[in-house]
Number of protein chains: 2
Amino acid sequence: MPRENKSRYAVLGMLSLEPMSGYDIKKKIHRGIGEFWSESFAQIYPILKQLVEEGYAVCQIEDQEGKPDRKVYSITEAGRDELMKWLSEPVTYYPLRIELLLKLFFAHNASPDVSIHHVEQFQKRMQDVLEEYKNVEERMVSAMKSRGNWLRYRLMTLRYGIYSVEAALKWCEETLQELNGIKSGKGV
Amino acid sequence: MPRENKSRYAVLGMLSLEPMSGYDIKKKIHRGIGEFWSESFAQIYPILKQLVEEGYAVCQIEDQEGKPDRKVYSITEAGRDELMKWLSEPVTYYPLRIELLLKLFFAHNASPDVSIHHVEQFQKRMQDVLEEYKNVEERMVSAMKSRGNWLRYRLMTLRYGIYSVEAALKWCEETLQELNGIKSGKGV
DNA sequence: GAGAACATGTAAGCGGTTACATGATTAT
DNA sequence: ATAATCATGTAACCGCTTACATGTTCTC
């Protein structure tokens, strides 16, 4: 059972929203679902070519002055079928790898300061991320009054990010306390 | 800046706890830090060989009857230095990829039942995981009374898992409500 | 008798990142 | 001037998974 390529579906899914160029796809993925997904050009362009070969997308070339030609891809009916098929298949869960925790696990021989520093960096990061997510959320909630279901699904994914980050922040506080306890040599 | 190999440090880190064979390392990683890390034999054995070549580990062969020889690896002083160096370097954060959310994001055209099913599966999974983590936690807390710092660091990593899973479960509840709302065609 | 645990490894191949290549236009 | 945005692609390489290869002992 060869490992299936999820990037294909990320690209195909983006085309299901509206016709787009490879460049647009990169941007939309980054800005739209950057909390939980990413793709690079080196993945997107070959996939696009492949999707056309398989009949899941078609390509129209738009001439532009000065800039390179824009290749705008549209999803086909077969492409939508393929996407829907993937959507209904079970979700596969890959093992997480969290480097921060790996370091923490091996840090008992080093100074607690090393761990404290890493956790504090992580905490700052999470604080920034949370703020950004909340801003996005606010804008989405006010934009949602009139619009359709798409935004509601988008909001669900964002809420996952918010809950995760809040959990991470709670953990940072607890862990920093514990590390400071170890530092000052106390039992607890 | 080539992407650095974290598996090496996972293996080296395991050897820092005690001398072990490749087989032991696999087991220890799975049972000990399986919540946030994993390695396969196809990674471990070549890395072990490489670590010996680099002088970060040494190997002793134990003859066994019936079973294949056990190759027990021990970390060297140079190996400990290398591990400590890595520990103090900044943590690198790789972009997450969460397939469940990718599907959810593209699911607005499909039936809400598809999404409900995926989220329910995820919820069950998280419930099982939480129960297991709590069991492990309980055992660790009672074992910790007398032991040193190692367990305290281990507990911190486990707590991260617990908070994450609790957040996921909160999200599942909220999201299932939302999806059921969409299903029954209501505005909210 | 089946399967898990013990034990070590190799080969093939994919998925993904990083760096390279090119070049105009617009904004600061 | 400098950087960012627009725009498309290729090449090299590495990390990792999956499958293969082999064989014994212990447990259900």
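Predicted model only: the values in this text are computed from it and were never measured. The chains referred to below are lettered A, B, ... by the order of the sequence lines, with proteins before strands, and numbering in each begins at 1.
Annotation: the span from B:Glu137 atom CD to B:Glu132 atom CD amounts to 12.5 Å, rounded to 0.5 Å.
A close approach under 4.0 Å does occur between a side-chain nitrogen or oxygen of B:Ser21 and OP1 or OP2 of C:dT8. In terms of phosphate contacts, A:Tyr23 brings no side-chain nitrogen or oxygen within less than 4.0 Å of OP1 or OP2 of D:dT8. Contact annotation: B:Ser40 reaches the phosphate of D:dT17 (side-chain N/O to OP1 or OP2, under 4.0 Å).
Atom CG of A:Asp24 and atom C1' of D:dT5 are 12 Å apart (whole Å). Regarding A:Ile25, its CD1 atom lies at a distance of 14 Å from the C1' atom of D:dG9, rounded to whole Å. Atom CD1 of A:Ile44 is separated from atom C1' of C:dT18 by 15 Å (rounded to the nearest Å). In this entry the distance linking CD of A:Gln60 with C1' of D:dT8 reads 18 Å, nearest Å. The CZ atom of B:Arg8 sits 13 Å away from the C1' atom of D:dG15 (whole-angstrom rounding). Between the CD atom of B:Glu99 and the P atom of C:dG15 there is a distance of 13 Å, given to the nearest Å. Atom CD1 of B:Ile29 is separated from atom C1' of D:dT17 by 15 Å (rounded to the nearest Å). In this structure, B:Tyr94 places its OH atom 9 Å from P of D:dG15, rounding to the nearest Å.
Taking only side-chain atoms of B:Tyr73, from C-beta outward, the nucleotide of D:dC16, C:dG9, D:dT8 with the closest atom is C:dG9. Among D:dC16, C:dG9, D:dC6, the nucleotide with an atom closest to any side-chain atom of A:Lys27 is D:dC6. The nucleotide whose nearest atom lies closest to any side-chain atom of B:Phe41 is, among D:dG15, C:dG9, D:dT8, C:dG9. Out of C:dA7, D:dA7, C:dT17, the shortest distance to the side chain of A:Gln43 is found at C:dT17.
For an aromatic pair to be called close, the ring centres must be under 6.0 Å apart, and A:Tyr160 with B:Trp171 satisfies this. Within the 6.0 Å centre-distance limit, the rings of B:Trp86 and B:Tyr9 are counted as a close aromatic pair.
A side-chain donor from one of B:Thr157 and B:Arg154 sits under 3.5 Å from a side-chain acceptor of the other.
Mapped onto DNA chain C by nearest heavy atom, B:Arg31 and B:Pro46 fall at different nucleotides, with B:Arg31 at the one closer to the 5' end. Of the residues near DNA chain D, A:Val72 and B:Ala42, the one whose nearest nucleotide (by heavy atom distance) lies more toward the 5' end is A:Val72.
Residue B:Arg97 is classed as a sugar-phosphate contact, given heavy-atom separations below 4.0 Å to backbone atoms only. Counting non-hydrogen atoms under 4.0 angstrom, B:Lys71 reaches the backbone sugars and phosphates but no base.
In this structure, A:Phe122 and B:Tyr93 have parallel ring planes: the angle between them is below the 30° cut-off, well short of the 60° mark.
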